[in-house]
Amino acid sequence: MSSGTNGTALVAGAGVGGLATAIGLRRAGWTVRLLERRTAPEHYGTAFAIHPTAQAALDRLGLGDALRARAVPYRHARIRRPDGRVLAALPLERVERKAGRPELLISRPHLLDALLAELDRLGGADVAYGRPLTDPSTDPRAAAANLVVGADGINSTVRTAHFGSRSGVRAIGTVAWIGIADFETGVYGETWGDGRFFGMTPVEPGRTNWYAAVPEATTAGEVRAAFAGWHDPVPRVLAETDPASWIRYEMRHLHPALPAFTAGGRIALVGDAAHAMTPNLGQGACTALLDAEALTRAVAARGGPAGLPAALRAYDAERRRSAQRVALASRTLHRFVTGRRPALRDALAGLLPG
Ligand SMILES: Cc1cc2nc3c(=O)[nH]c(=O)nc-3n(C[C@H](O)[C@H](O)[C@H](O)COP(=O)(O)OP(=O)(O)OC[C@H]3O[C@@H](n4cnc5c(N)ncnc54)[C@H](O)[C@@H]3O)c2cc1C
């Protein structure tokens, strides 16, 4: 890490995007103040898929070993019909051949702990819990900082204050349920039914990460009923996990896409604040990590505050279209999977290369 202070940054939000941004800025010698609305570090959530490109970003942030110590590879995943017939393979082995490393799965709390530990190891960041940034345009801490980063998630106050209200949060009418089963199913991938789907991935030895989407279900009993009769182990996973531990997740995204991820030469958005997307591609954490790494690399390359306008232009050019393409692809996949013509969908899925 460089010594000395190159500039001062205020980061709103201590999720994946905000913590990774704080780490990158500390490594570049910036003084960082991180404000988090929650009163304590969050240990809620199930699992994150980490694509090889996001693994490379974590390597550049000095977190690759911490990731690999807790993550498990994701392989041999299939797309199935509710009767268990395999329609296609998820292209994980193809991704692994191309990237030279597998897609990884890590528990969300483990990744957040690793980011917090690295920030602590670097020192010099002031992390304040229970301190939301409520009005970024008048807050004196924001006014005093050279750089303000909105990593404050889908309902970002930084976005509302500095990027207007044209782009807003849109519900897409699907509720997802996510959870962890305390056994390994050994059956991974997604099962697509009529307007609903169920997915399972590894997450750590002895446990399975699962997610389900059912448009009409509002209770655990209705979710279980919606998947009764599906192939093993789908009903078993739902029967043997405690609904009190399930997380109900209303699928939402940011629409329309923002025309810029930066404003005024000193404000930047990362992660869900910039491009919240549906979870279908499992790219929410990956894109937040890629944003944080790209932003802080651009800032580091240009030294102190005088270089910020150029750094933010470089960040926007590197990340905006790319992240928005992923968000659009995720939304399109959601429509495809839950569409009204499952027979056509299944026939098309069968054409996917493995
Ligand atoms: C509690 C929680 C659990 C999740 N669980 C999963 C999961 O199991 N699987 C999955 O794939 N995705 C999950 N997600 C979504 C996933 O974490 C994000 O899509 C992705 O990682 C992008 O991260 P982010 O840092 O941009 O946003 P987030 O992870 O949403 O982080 C934003 C942070 O900003 C804080 N914040 C909000 N407003 C303010 C404010 N005004 N001032 C200061 N701080 C503020 C929030 O409390 C939060 O900690 C979860 C998100 C949350 C918040």
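Each ligand, and each atom within it, is numbered from 1 in the order the structure gives. We're numbering straight along the sequence, starting at 1.
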Calculate, to the nearest 0.5 Å, the distance between atoms CH2 and CZ belonging to W192 and R80 respectively.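 Here the rounded value is 12.5 Å.
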
Going from OG1 on T208 to CD on E240, what distance comes out if it is rounded to the nearest 0.5 angstrom?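 Atom-to-atom, T208:OG1 and E240:CD are 11.0 Å apart.
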
Compute the shortest N/O to N/O distance between [X] and ligand 1 and return yes if it is under 3.5 Å, no if not.
| X | answer |
| --- | --- |
| A288 | no |
| R37 | yes |
| E42 | no |
| I154 | no |

Taking everything shown except [X] itself, do over 12 heavy atoms lie less than 6.0 Å from its [atom1]?
| X | atom1 | answer |
| --- | --- | --- |
| R131 | CZ | no |
| R236 | CZ | yes |
| D126 | CG | yes |

Using a 4.0 Å cutoff against the non-hydrogen atoms of [X], which atoms of ligand 1 qualify?
| X | result |
| --- | --- |
| P132 | 42 (N), 43 (C) |
| G284 | 20 (C), 22 (C) |
| L35 | 43 (C), 44 (N) |
| I178 | 7 (C), 8 (O) |
| G271 | 26 (O) |
| Y249 | 12 (N), 13 (C), 14 (N), 15 (C) |
| R38 | 1 (C), 47 (O) |
| G45 | 5 (N), 8 (O) |

Taking atom types as modelled, find out whether [X] and [Y] have a side-chain donor-acceptor pair closer than 3.5 angstrom.
| X | Y | value |
| --- | --- | --- |
| S330 | T278 | yes |
| E222 | T218 | yes |
| T157 | D152 | yes |
| H110 | R70 | yes |

So which heavy atom in the protein is nearest [atom], and how far is it from that ligand atom?
| atom | result |
| --- | --- |
| atom 50 (C) of ligand 1 | R108 NE, 3.5 Å |
| atom 22 (C) of ligand 1 | D272 OD1, 3.4 Å |
| atom 9 (N) of ligand 1 | A47 O, 3.4 Å |
| atom 31 (O) of ligand 1 | G15 CA, 3.6 Å |
| atom 25 (O) of ligand 1 | G17 N, 2.9 Å |
| atom 16 (C) of ligand 1 | F48 CE2, 3.7 Å |
| atom 27 (O) of ligand 1 | G153 CA, 3.9 Å |
| atom 35 (C) of ligand 1 | E36 OE1, 3.2 Å |

Donor-acceptor under 3.5 Å (R252 side chain, V169 main chain):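 No, the answer is negative, given that no donor and acceptor are paired below the 3.5 Å cut-off.
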
Determine yes or no for a side-chain-to-main-chain donor-acceptor pair under 3.5 angstrom, with Q324 supplying the side chain and A257 the backbone.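 No, Q324 side chain to A257 backbone: no donor-acceptor pair under 3.5 Å.
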
Residue part near ligand 1, for I247, under 4.0 Å between non-hydrogen atoms: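 Neither; no heavy atom under 4.0 Å.
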
Quick one: does A49 get within less than 4.0 Å of ligand 1, heavy atoms only?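 Not so, A49 does not reach ligand 1.
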
Any non-hydrogen atom of A151 lying under 4.0 Å from ligand 1?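 A heavy atom of A151 does come that close to ligand 1.
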
Check whether any side-chain heavy atom of Y211 lies under 4.5 Å from a side-chain heavy atom of E190, and answer yes or no.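 In short, these two side chains touch, coming nearer than 4.5 Å.
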
Result of checking L328, D291, V326, L258 against H275 for side-chain contact (heavy atoms from CB on, under 4.5 Å):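 Among L328, D291, V326, L258, the one meeting side-chain contact (heavy atoms from CB on, under 4.5 Å) with H275 is D291.
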
Determine whether V95 and Y74 fall in the same hydrophobic cluster, where Ile, Leu, Val, Met, Phe, Trp and Tyr are linked whenever their side-chain heavy atoms lie under 4.5 Å apart.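 No: no chain of side-chain contacts under 4.5 Å links V95 to Y74.
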
Which option, D152, I180, L133, V203, owns the non-hydrogen atom nearest atom 41 (N) of ligand 1?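 Minimum heavy-atom distance to atom 41 (N) of ligand 1 goes to L133.
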
